[in-house]
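Take a look at the structure set out below.
A, B, ... follow the sequence lines: proteins, then strands. Residue 1 opens every chain.
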Number of protein chains: 2
Amino acid sequence: MQIDPNHLIILAAVVDEGGLTQGAAALGKSQPSLSRSLSALEARLGLPLFEKGRRPLIATELGAALAAQGRLIRAAAAEASVQTGLYAGGKTGAVRVAGTPVFMDAVIASMIAGFQQANPNVRIDQSYGYADTLIRDVQSGTLDMALCPLPPDAVPEGLTFDEILQGRNVIACRIGHPLARKKTLRLSDIAPYPWIAPPTASPLYQDLKAILAEIEVDDFRVSFSGGSISAVRTVLEGSDSLTILPYSVLFMMRHHKSLTALDIRIRHAPRHLGILSAQASSDRPVVRRFQRHLAHEFKSLARTITHQQQASVWGV
Amino acid sequence: MQIDPNHLIILAAVVDEGGLTQGAAALGKSQPSLSRSLSALEARLGLPLFEKGRRPLIATELGAALAAQGRLIRAAAAEASVQTGLYAGGKTGAVRVAGTPVFMDAVIASMIAGFQQANPNVRIDQSYGYADTLIRDVQSGTLDMALCPLPPDAVPEGLTFDEILQGRNVIACRIGHPLARKKTLRLSDIAPYPWIAPPTASPLYQDLKAILAEIEVDDFRVSFSGGSISAVRTVLEGSDSLTILPYSVLFMMRHHKSLTALDIRIRHAPRHLGILSAQASSDRPVVRRFQRHLAHEFKSLARTITHQQQASVWGV
DNA sequence: CCTCAATATACCTTAACGTTATGCAGATTG
DNA sequence: CAATCTGCATAACGTTAAGGTATATTGAGG
């Protein structure tokens with residue numbers, strides 16, 4: 001016996017509202033429409049849904065039972081509408097985002113926290129990676145967006161790269177480091193100190209090699225490698241090691257007052273931190289929404305950085 | 001956003017079956033039909049339900065979310081069909097039945113038990129009453145059926161009375177009763193013994209009065225009154241009291257071997273035990289089914305009674 | 001008995017559904 | 001890499017069913 005869900009919805013409305021007229025009003029239809037629909041349903045079932053010859057139109061046992069199912073259907077349809085609304089508004093769904101480890105942990109994580117506070121039904125699937133794999137995954141659709149530094153001319157075809165910060169790296173050390181006090185620094189001054197090495201695949205590693213080549217040190221001493229930003233920070237704080245970090249990462253840790261940057265400008269190819277995404281990815285409301293959130297957060301971060309630099313309170 | 005439940009059902013089928021073609025087969029429709037329905041839904045929502053340009057037709061997050069609702073709707077519609085089937089087959093619903101107390105307890109209760117064993121989803125709402133109130137309640141639709149003795153000419157207009165047993169009453173006593181041994185009994189023999197009186201409203205009470213009038217006893221001694229069949233039986237078993245009971249009630253208690261009937265024929269107006277029901281009540285499948293069950297049970301009960309009487313194993 | 005309110009019916013219009021035939025594109029295989 | 005195959009989308013057309021307005025009908029209550 002095939003039953004049209006719409007008929008069950010109508011039945012539920014009529015039973016719940018207590019009459020054809022009220023039910024019609026509740027559903028935004030006309031009374032004769034409901035009358036006919038229910039008659040059709042009764043005819044199809046071959047069984048009465050309402051007691052006959054009763055004016056307040058009282059449901060039979062069967063009518064009541066089917067009305068219960070109609071209520072479920074109505075609720076499901078309403079829930080579907082709600083889900084659609086949330087989805088369209090970017091309030092639900094999943095975002096797959098990746099980026100360079102240090103940057104994700106030190107900068108993006110807190111932005112994700114803020115987003116999730118406002119959007120508890122959005123799931124963020126985060127992972128780590130470097131430029132080449134990130135590009136590949138964004139292109140293949142495995143990732144919705146990636147956060148990484150990229151040279152301006154290295155943006156692959158078909159991808160969008162929204163710049164969010166200058167990709168400047170600095171040499172970081174603990175605040176009490178011998179070099180931190182010196183006003184004028186030469187590259188050769190840093191030669192004696194051991195290094196915390198970034199992962200080989202990281203662009204930071206290239207920058208580190210460039211620095212050391214500049215001061216003509218071939219076999220630099222690596223005291224620690226392979227750790228996340230948390231481990232790096234701990235080691236940095238407890239030793240005279242140096243490392244190379246994105247300026248923004250160091251900036252985000254300013255409140256701990258434990259690390260600082262040496263006053264040495266590192267030369268490297270010009271690049272920006274940015275959000276890499278497929279051009280067609282904007283059809284996912286959540287993704288767009290999260291991307292806007294990040295862009296907004298970075299804009300205010302950039303403002304804060306500029307302000308701080310002008311105030312010279314926390315100094316590079 | 002108004003969403004057609006049928007579209008959600010289609011969506012669920014396509015997602016679950018893994019394609020338009022399979023989904024169409026599952027729903028018994030054609031593939032183009034589903035294609036168009038889903039296109040219409042996407043257009044209405046303004047959001048894609050499936051990843052575009054994908055051959056195995058994979059659902060988007062929204063598509064999956066709405067498919068879940070579609071599954072609920074499909075389940076509810078299926079449940080409605082099941083309910084309808086059960087209802088039409090008389091396997092579910094409620095039956096409101098009433099009858100004279102002694103008869104309901106001693107005879108009908110075990111028949112109800114058998115019915116419920118086979119039809120656990122049918123609810124039996126039983127109550128007690130005598131002819132006049134039973135007739136009124138059946139006529140008003142408060143009762144679906146009533147079981148009581150009725151003279152053939154007393155069947156009210158608009159009601160059906162299906163006879164199921166002869167309405168013969170007998171004088172009952174314990175097996176060890178002094179009168180039970182006597183082969184030939186006269187009405188005057190019973191005069192000395194105290195009576196257990198049926199409720200005044202009961203037809204049994206009239207019969208009792210008739211008997212006593214026949215033996216010209218005006219003020220008979222009532223030792224007990226107002227009890228249910230259970231209480232009456234207990235008192236009867238433990239004393240030399242007499243009472244008047246429908247023969248069928250006594251018959252149902254034959255296995256206890258504690259009560260018997262005196263060999264005296266009570267004269268009363270001819271009447272039958274029967275099922276009283278409104279003529280229009282047959283539109284309730286459960287009622288019809290239960291009524292058939294009772295009729296069947298009584299037919300076999302009548303056979304058993306006849307058989308027993310011929311065998312003279314248990315005497316009247 | 002009469003009136004009122006609520007439901008059923010009549011009739012019409014329109015939109016949605018279903019089917020067949022066919023075009024098109026992603027996948028697969030050699 | 002090309003050819004083919006499978007599966008989805010589109011078109012055209014007929015049918016069904018839903019919705020609306022106007023109106024008849026029928027219980028319920030005074």
Please report the end-to-end axis angle for the helix from C:dC1-D:dG30 to C:dG30-D:dC1, five pairs per end, rounded to 10 degrees. 40°
Taking side-chain contact (heavy atoms from CB on, under 4.5 Å) as the test, write out the residues that go with B:D105, two or more places apart. B:Y128, B:S228, B:I229
For A:E61, give me all partners under salt bridge (Lys or Arg N to Asp or Glu O under 4.0 Å), at least two apart in sequence or on another chain. B:R284
Under 3.5 Å, N/O pairs linking protein and nucleotides 13-18 of chain D:
from: D:dA18; atom 1: OP1; to: A:H7; atom 2: NE2; distance (Å): 2.9

With the side chain counted from C-beta on, respond yes when A:Q31 and A:L20 share a heavy-atom pair under 4.5 Å apart, and no when they do not. yes
When you compare the side chain of A:T92 with that of A:V286, does any pair of heavy atoms fall below 4.5 Å? no
Could you tell me which residues satisfy side-chain contact (heavy atoms from CB on, under 4.5 Å) with B:S202, sequence neighbours excluded, listed by chain and number? B:Y130, B:P198, B:P199, B:L204
Does some side-chain heavy atom of B:M111 sit less than 4.5 Å from a side-chain heavy atom of B:F298? yes
Using OP1 and OP2 only, check whether a side-chain N or O of A:S30 sits under 4.0 Å from D:dG19. no
Partner set under salt bridge (Lys or Arg N to Asp or Glu O under 4.0 Å) for A:R36, not counting sequence neighbours: none
Could you state the CG-P distance from A:N6 to C:dA16, rounded to the nearest angstrom? 12 Å
With no angle test and no hydrogens, is the base of C:dA6 tied to the side chain of A:Q31 by a donor-acceptor pair under 3.5 Å? no
Tell me which residues in residues 15-27 of chain A put a heavy atom below 4.0 Å from DNA chain C, sorted by number, or none. A:G19, A:L20, A:T21
Counting heavy atoms from C-beta on, name the nucleotide in C:dT19, C:dT9, D:dA28 closest to the side chain of B:P32. C:dT19
Give the residues of residues 57-66 of chain A touching DNA chain C, defined as any heavy atom closer than 4.0 Å, sorted by residue number. A:L57
Just jot down the side-chain contact (heavy atoms from CB on, under 4.5 Å) partners of B:S30, sequence neighbours excluded, or say none. B:P32, B:S33
Going by the rule salt bridge (Lys or Arg N to Asp or Glu O under 4.0 Å), which residues pair with A:D4 if we only count those two or more places apart in sequence or in a different chain? none
Going by the rule salt bridge (Lys or Arg N to Asp or Glu O under 4.0 Å), which residues pair with B:R96 if we only count those two or more places apart in sequence or in a different chain? B:D144
Indicate yes or no: at least one non-hydrogen side-chain atom of B:T60 is less than 4.5 angstrom from one of B:E51. yes
Distance-only donor-acceptor hits, side chain of residues 67-75 of chain B, under 3.5 Å, sequence neighbours excluded:
from: B:R71; atom 1: NE; to: B:D16; atom 2: OD1; distance (Å): 3.0
from: B:R71; atom 1: NE; to: B:D16; atom 2: OD2; distance (Å): 3.0
from: B:R71; atom 1: NH2; to: B:D16; atom 2: OD1; distance (Å): 3.0

